[in-house]
Amino acid sequence: MTRFSATILVLGLAAIPAGAQDTKKEIQKYQQMIAEGSPVELFELEGETLWKKPQGPNNVSLEKCDLGQGPGVLKGAYARLPRYFKDADRVMDLETRLLHCMTTLQGRSRDEATKRVFGNENQPSEMEYLSAYIASQSRGVRLAAGNSHPKEKAAYELGKALFFYRAGAWDMSCASCHGEDNKRIRMQDLPVLYKPQAARPIMATWPAYRVSNSQFKTMQWRLNDCYRQMRFPEPKFASEATNALNTFLTVTAAGEPYRGPGTKR
Amino acid sequence: MTRRSLLAFLGLLLARPLSVLAAWNEQAFGAKTAADALKGIGVSAPAPSKDIVIDAPQIAENGAVVPIEISSNVPGTTAIAVVIEKNPFPLAARFEFKEGALPFVKLNVKMGETSDVRVVAFAGGQQLTATREIKVTIGGCGG
Amino acid sequence: MAGPMKMRATATGGTTEVRVLMTHPMTTAQMKDQPLHFIQNVVVKQNGKTVIEAEISQAVSRNPVFSFRLKGGAKGDKIEVSWVDNKGESNTIETAVA
Amino acid sequence: MRTLLLSAALLSGIAWAQSPVDVQKVLQRDFQARGQATMDRVVQDGLQRVCTDSHDRPPSDLARQLEADQLKTIDFPPGSLIGDWKRGERIAQGGRGLTWNDKPGAPADGSCYNCHQLSPQEMSYGTIGPSLLRFGWMRGNGPEMQRYVYGKIYNAKAYNLCSQMPRLGHSGTLTPEQIKDLVGLLLDPESPVNKQ
């Protein structure tokens, strides 16, 4: 054995793993403490107000919106999305369905309702507030996205294919970062999202408040921003592609009790 | 005016908007060094004490929110100050605990960089202190 | 206009745990495009009596969340938390101990 | 090329409910150009297609052939390839470049720490790629090593077809000068990467 490799071996066995272990433990502690001290409930409160607020040409609230469990039924609705909706003949996640209700119930135009779907720290968006409130009404309910209707099955398959599709200026797919166990970007652990064990705790805590920019973030945003970082063009809001990916991820996470909205780095 | 209504009237006076009553130590909060901040709140040579407990992660993934839990086991603690030594304005907060409150607080603070966080507890004439280093790192893709 | 607040006060084993959330930008002098805007004073009252007075700075994170502990306390006790910021804006929330 | 791709798909033995061609059509319908992120980016090139088809395990003959093609894209500057490690460290730290909200033409970064450990002082490093701590100290910094490191950063796919590392030079993310600075970060004995 050369002196060099002996040195590396010593370093490898002693210093580095111990440090890495401590780091991981401290990061977990950080994440636990930010979750305990999260202001996420403020977004739920605001969302409840918006859910009940008459808006649009029809001047009605969203309280009659059918999120899959019947008009106005919120309890457990989020945990069963995305799912197939007969009236729209397509698979819809929460935001897509809300957009549907804004156009059909409230009579708003798609352009107006999607003008500002992702907000910022000074002015969160209507979708963000509503997502916080509606998701909170599924706490404790097991995730059970639709996976029986042929269109739900097709969405799952398309989502899976999208997950592994490498393209863009940096040759990336979702699996480039979320494809191997025990990897991280900077300090951020990367869940292997096509595996149920890893997908479950993640999907059970989205949408979420992000402390790094004090913003409440939805699943449509999460997918949008991943594609931005992957150096792709922008996915259209509420498109079939984003709904398919969301279906793939949520079906993969099936069975996990929902415990969001979460709080993330 | 009856005695009762007079008391009620005084009560109303006391319930004036908080903004009129509230004091804010501009000098201490405007201080740019930890030493000046401590001076601003009347602290000089505080004694290190194990009875001040600072619970915080050693590593924060993001400086925008660093959760800190502080409690003092020093009998008679009446106030606690939090100083983030390397922040542009180190004094972060000062809590006064009156009869009925326990000397305990949990809050989220911003940290510009890795720094010692100093807590000073005031108990009777005593000033006691403890510090904890919190490392601020970069999370996410940075794009 | 001040955004919503939320508070929970729970009595357990001789102490009352108070957790309060405040909607506030808490902007700092370092943020170029935003005016300095942050809460300066927080007051906690138990049945009308002030028990905690805090002075805080721009170093407190956006949308502040505080936990406090009060001695004793019974179900139904009134807890009130109010804040005032550097622009004189304020807000108050009141809840009964559960 | 067409037969090559077809055989790649057959050899990989992965059954896709959606062929990559179908997926590409979905992307063309459901994505939109924004800023410098234009729609041509969703169209796969040969290696992206082969790697997608094979789940990043391309048949070795095909991989060797396509890697050779990628190697030809690298334009090695003459002379020493060791640039300024201090600038290299800054390039390694940053994560800007080529996204739809980056300013076109503005200097980009390498995003190196997102995936690699480099300088021991930086504890916030990713692990998607191998640790590069003491890279030059272990491997030396002769002309061959300089060429390898420059080439690997310029076009990682020339050395490992389905590597997850972006082709930072080939994609136009980094300039040759910036890549040399990164070579400096990895190989200069004075760089923190190589200091004890």
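The model shown is predicted, which means the values in this text are computed figures rather than measured ones. Letters A, B, ... mirror the listed sequences (proteins, then strands); counts begin at 1. These values consider heavy atoms only, across backbone and side chains, with no hydrogens, waters or symmetry-generated copies.
No donor-acceptor contact under 3.5 angstrom links the side chains of A:Lys195 and A:Gln197, judged on distance only. For D:Tyr154 and D:Thr73, the side-chain atoms include no donor-acceptor pair closer than 3.5 Å. Checked by atom type, the side-chain pair A:Lys264/A:Thr205 shows a donor-acceptor distance below 3.5 Å.
Contacts of D:Gln93 with chain A are made by both backbone and side-chain atoms, with heavy-atom separations under 4.5 Å. With a threshold of 4.5 angstrom between heavy atoms, A:Ser176 approaches chain D through its backbone and through its side chain. Heavy-atom distances place the side chain of D:Thr173, and not its backbone, under 4.5 Å from chain A. Of the two parts of A:Leu190, only the side chain, counted from C-beta on, holds a non-hydrogen atom closer than 4.5 Å to a non-hydrogen atom of chain D. Looking at D:Asp56, only its side chain comes within 4.5 Å of chain A, counting heavy atoms on both sides. Residue A:Asp189 does not touch chain D at all, counting heavy-atom pairs closer than 4.5 Å. Both the backbone and the side chain of A:Asn224 come within less than 4.5 Å of a heavy atom in chain D. Only the side chain of D:Glu122 comes within contact range of chain A, with at least one heavy atom under 4.5 Å from a heavy atom of that chain. With a 4.5 Å cut-off on non-hydrogen atoms, A:Glu180 does not touch chain D at all.
For the set D:Met123, D:His116, D:Met39, D:Arg29, the count of heavy-atom pairs under 4.5 angstrom toward chain A peaks at D:Arg29. No other option in D:Ala33, D:Cys51, D:Gly97, D:Gly129 has as many heavy-atom pairs under 4.5 Å with chain A as D:Gly97. Of the listed residues (A:Pro235, A:Gly179, A:Gly168), the greatest number of heavy-atom pairs within a distance under 4.5 Å of chain D belongs to A:Pro235.
Note: A:Phe118 and A:Phe237 have perpendicular aromatic rings, judged against thresholds of 30 and 60 degrees for the angle between ring planes. Ring pair D:Phe31/A:Phe232 is tilted by interplanar angle, where 30° to 60° counts as tilted.
Other residues, nucleotides and ligands contribute only 12 or fewer heavy atoms inside 6.0 Å of the CG atom of D:Asp75.
Exactly one residue among D:His170, D:Glu67, D:Gln70 makes a side-chain hydrogen bond (donor to acceptor under 3.5 Å, both in side chains) with D:Asn155. That residue is D:Gln70.
Cation-pi check for A:Arg184 over D:Tyr125 is met; the charged atom lies under 6.0 angstrom from the ring centroid and within 45 degrees of its normal.
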